[in-house]
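A quick write-up on the structure given underneath.
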Amino acid sequence: MIIKEDLYKQMSDAVVEFNEDKVKDLAQVSIDLSLDPVETILNGLSKGMLIVGDLYDKKEYFVPEVLLCAEAMQLGLDVLQPHIEKSESRGEGLVIIGTVQGDIHDIGKDIVKLMLDVGGFKVFDLGKDVPLLKFADEAGRLDADVVAMSAMMTTTMMGMKKAIPMIREAAPKAGIMIGGAPVTIEIAKAFGADGYAENAGTVIDAAVEMLKRLDK
């Protein structure tokens, strides 16, 4: 009998080892066992990519290895995503999401985007290395309810502080959320953001709570 925690660990390891076939096979096993695909993503694929991020920071992995791991993770997502049922009662509204200028790491952002989509939000993805002014321009143009910015490096994180006043001016009604590896709730408050999500697993609750607080 397969214990789900063991399966998640194997999947995480397979992502780290960029073993594409094993990731796909384990994702299918998860479906065959009727495990929650969102739980599998968060506890298997996402955890693997967090380890990859640590290895990159320690200079044990470099960009080619990270890209191979990301490709392996994506193959797992391709298996799991069709089995995710969207919530019709949790989130409402339009979310603009992107990784801030200078930051080409969009793996975490893509998982957060998936979670928001599952949670019932309409998500407009600006991609990675997004110019700061573009967050403001698109938020105003689309009348966004939420602007979500991600950063994986301390240097690029500082761009969020510059972008927030721009967004406030262009879209004063939008709630602003930030997240990513170097970001903490204290930093979010210091930058003037309305919300903060520690990880993809908490982003839906964080966004819903923020919008309630802002009376949106």
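For this chain, numbers begin at 1 and follow the sequence in order.
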(request) Specify the closest pair of heavy atoms between Thr156 and Ala151, including all atoms of both residues, with the distance to one decimal. (result) OG1-CB, 3.8 Å

(request) May I ask you to decide if Lys128's main-chain N or O and Asp106's side chain share a donor-acceptor pair within less than 3.5 Å? (result) no

(request) Report yes if some heavy atom in the side chain of Ser30 is under 4.5 Å from a heavy atom in the side chain of Leu80; otherwise report no. (result) yes

(message) Could you check whether any side-chain N or O of Ser46 sits under 3.5 Å from a backbone N or O of Asn43, counting only pairs where one atom can act as donor and the other as acceptor?
(response) no

(request) Using a 4.5 Å cut-off on heavy atoms from C-beta on, say whether the side chain of Thr40 contacts that of Leu45. (result) no

(request) Starting at OG1 of Thr99, measure out to CG of Leu126 and round the result to the nearest 0.5 Å. (result) 9.5 Å

(request) Drop me the distance from Met177's CE to Ile96's CD1, to the nearest 0.5 angstrom. (result) 14.5 Å

(message) Under the rule for side-chain contact (heavy atoms from CB on, under 4.5 Å), what residues qualify as partners of Asp6, not counting sequence neighbours?
(response) Ile3, Gln10

(message) Please evaluate residues Tyr8 and Glu39 with respect to the criterion side chain to side chain donor-acceptor pair (under 3.5 Å), reporting the C-alpha separation (whole Å), side-chain torsions for both, the decisive distance (0.1 Å), and the verdict.
(response) CA-CA 9 Å; Tyr8 297 152; Glu39 187 177 323; 3.1 Å; yes

(message) Taking Ala206's backbone N and O only, do any of them form a donor-acceptor pair with Tyr196's side chain (distance below 3.5 Å, no angle check)?
(response) no

(request) Would you name the heavy atoms of Phe121 and Val95 that are closest together and state the gap between them? (result) CD2-CG2, 3.6 Å

(request) Mind listing the closest non-hydrogen atom pair of His83 and Pro37 along with its distance? (result) O-CG, 3.6 Å

(message) When you group the ILVMFWY residues by side-chain heavy-atom contacts below 4.5 Å and let the links chain together, are Met166 and Val147 in the same group?
(response) yes

(message) Please report the interatomic distance CG(Asn199) to CD1(Ile111), rounded to the nearest 0.5 Å.
(response) 10.0 Å

(request) Would you check if Ile84 and Ile41 make a side-chain contact, meaning some heavy-atom pair closer than 4.5 Å? (result) yes

(message) Quick check: closest heavy atoms across Lys24 and Val79, and the distance to 0.1 Å?
(response) O-CG2, 4.3 Å

(request) Examine distances only and state if a side-chain atom of Asp117 and a backbone atom of Gly120 form a donor-acceptor pair shorter than 3.5 Å. (result) no

(message) Could you check whether any side-chain heavy atom of Phe191 comes within less than 4.5 Å of a side-chain heavy atom of Val183, counting everything from C-beta outward?
(response) no

(message) Quick check: closest heavy atoms across Leu211 and Asp145, and the distance to 0.1 Å?
(response) CD2-O, 3.8 Å

(message) Membership question, hydrophobic clusters at under 4.5 Å side-chain separation (ILVMFWY): are Leu7 and Leu42 in the same one?
(response) yes

(message) Can you confirm whether Glu198 is buried at CD, in the sense that more than 12 heavy atoms of other residues, nucleotides or ligands lie under 6.0 Å from that atom?
(response) no

(request) Tell me whether Phe124 is reachable from Met210 by hopping between hydrophobic residues (I, L, V, M, F, W, Y) whose side-chain heavy atoms are closer than 4.5 Å. (result) no

(message) Measuring from atom OG1 of Thr184 to atom NZ of Lys189, what distance do you get when rounded to the nearest 0.5 angstrom?
(response) 9.5 Å

(message) Using the rule salt bridge (Lys or Arg N to Asp or Glu O under 4.0 Å), only one of Lys173, Arg213, Arg168, Lys212 pairs with Asp194; which is it?
(response) Arg168

(request) Hey, could you give me the CE/CD distance between Met49 and Gln74, rounded to the nearest 0.5 Å? (result) 10.5 Å

(request) Sort and list the pairs that fulfil salt bridge (charged side-chain N to carboxylate O under 4.0 Å, His left out) and have at least one residue in residues 133-144, not counting sequence neighbours. (result) Glu138-Arg141

(message) The criterion is salt bridge (charged side-chain N to carboxylate O under 4.0 Å, His left out); which residues satisfy it with Glu17, sequence neighbours excluded?
(response) none

(message) If you compare all heavy atoms of Val52 against all heavy atoms of Cys69, which two are closest, and at what distance to 0.1 Å?
(response) CG2-SG, 3.6 Å

(message) If hydrophobic clusters are built by linking Ile, Leu, Val, Met, Phe, Trp and Tyr wherever their side-chain heavy atoms come under 4.5 Å apart, do Met115 and Met73 end up in the same one?
(response) yes

(request) Keeping the roles fixed (side chain from Asp129, backbone from Ile104), state whether a donor-acceptor pair exists under 3.5 Å. (result) no

(request) Give the cluster check for Met149 versus Val146: same hydrophobic cluster or not, with ILVMFWY residues linked at side-chain heavy-atom distances below 4.5 Å. (result) no

(request) Mind checking the CG-CD1 spacing from Leu26 to Ile31? Nearest 0.5 Å is all I need. (result) 12.0 Å

(request) Please say which of Val16, Ile51, Leu68 ends up in a side chain to side chain contact (heavy atoms under 4.5 Å, CB included) with Tyr61. (result) Val16

(message) Between Glu65 and Leu55, is there a side-chain heavy-atom distance shorter than 4.5 Å?
(response) no

